[in-house]
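What follows is a single structure, written as structure tokens, with notes after it.
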Amino acid sequence: DIQMTQSPATLSASLGDRVTIACRASQSIPGWVAWYQQQPGKAPKLLIYQASILQSGVPSRFSGSGSGTQFTLIISGLQPDDVATYYCLQYNTYWTFGQGTKVEIK
Amino acid sequence: QVQLVQSGAELKKPGASVKVSCKTSGYNFTDYFLHWVRQAPGDGLQWMGWINPNAGGPYYAQKFRGRVTMTRDTSITTAYMEMSTLTSDDTAVYYCARAAVARWVQYTNYDYWGQGTLVTVSP
């Protein structure tokens with residue numbers, strides 16, 4: 001099974017900061033990675049798919065990059081509404097989520 | 001608009017079974033595979049399996065084979081996930097999620113999710 005190692009587990013940043021979340025796959029998964037935002041008590045929401053494609057309606061401050069085994073989600077200019085837990089998902093072979101990164105406001 | 005609406009919270013005793021429903025609307029039900037994902041406290045998000053609403057065939061993650069049954073009723077555009085022999089480890093929120101690409105299961109992420117159903121297993 002493909003494992004997704006996500007870091008950091010928790011992140012505290014100031015409003016307006018650039019935030020970076022990383023996911024490392026246990027084997028190469030050419031681009032089949034999505035990123036989700038989950039606010040407390042809600043279902044995950046799709047932000048990015050195929051590593052770098054922004055889902056319709058998602059603010060442009062969210063971006064994704066990466067290939068092979070290293071993938072990154074960037075929030076350019078942290079907003080209060082971005083307080084949430086973020087998960088990566090690999091869908092190259094079955095479906096595996098990272099353990100999540102909780103983003104807080106400093 | 002696309003909507004997935006799940007059934008309400010359940011409280012079950014160990015050894016019992018639970019059946020969760022996922023009522024869909026706003027799209028052609030038979031065109032998109034439906035997946036089930038669970039989120040247990042401290043255990044993150046875990047894929048459980050999928051069902052092909054067109055042909056009806058399910059596929060289960062190895063961890064859940066023999067204990068989970070996924071079905072659908074096309075007449076009411078609803079999918080179901082039934083889990084048997086529940087233990088406290090099955091206490092979790094269960095989600096249905098729609099595959100993002102029509103009539104395809106490989107290399108597809110999820111674009112729409114149900115609101116989740118909390119299943120609590122307690123004596």
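Basis for what follows: all heavy atoms, side chains included, without hydrogens, waters or symmetry-related copies. So you know, we letter chains A, B, ... as the sequences are listed, proteins then strands, and number each from 1.
Counting only residues at least two apart or on different chains, no salt bridge (charged side-chain N to carboxylate O under 4.0 Å, His left out) pair has a member in residues 15-28 of chain A. Sorted by first and then second residue, the pairs that involve residues 92-123 of chain B and meet disulfide bond (SG atoms under 2.5 Å apart), not counting sequence neighbours, are B/Cys22-B/Cys96.
Residues A/Leu54 and A/Ile21 are members of one and the same hydrophobic cluster, defined by side-chain heavy-atom contacts under 4.5 angstrom among Ile, Leu, Val, Met, Phe, Trp and Tyr. Following chains of ILVMFWY side-chain contacts shorter than 4.5 Å, one cannot reach A/Val103 starting from A/Phe97, and the two form parts of different hydrophobic clusters. Cluster membership for B/Leu4 and B/Val20, using ILVMFWY side-chain heavy atoms within less than 4.5 angstrom, is shared. With hydrophobic clusters built from ILVMFWY side chains whose heavy atoms lie under 4.5 angstrom apart, B/Val105 does not share a cluster with B/Leu34.
Annotation: salt bridge (Lys or Arg N to Asp or Glu O under 4.0 Å) contacts of A/Arg61 (sequence neighbours excluded): A/Asp82.
For the options A/Val33, A/Leu46, A/Ile29, heavy-atom pairs under 4.5 Å to chain B are most numerous at A/Leu46.
Taking all atoms of both residues into account, the shortest heavy-atom contact from B/Gly114 to A/Ala43 is O-CB, 3.2 Å.
The part of B/Val37 that comes within reach of chain A is its side chain, from C-beta onward, which places non-hydrogen atoms under 4.5 angstrom from that chain.
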For chain A against chain B, print all donor and acceptor atom pairs separated by less than 3.5 Å.
unit_1	atom_1	unit_2	atom_2	d
A/Tyr36	OH	B/Tyr110	N	2.9
A/Tyr36	OH	B/Tyr110	O	2.7
A/Gln38	OE1	B/Gln39	NE2	2.9
A/Gln38	NE2	B/Gln39	OE1	2.9
A/Gln38	NE2	B/Tyr95	OH	3.1
A/Lys42	O	B/Tyr95	OH	3.3
A/Tyr87	OH	B/Gln39	NE2	3.2
A/Tyr94	OH	B/Tyr59	OH	2.8
A/Trp95	NE1	B/Thr108	O	2.8

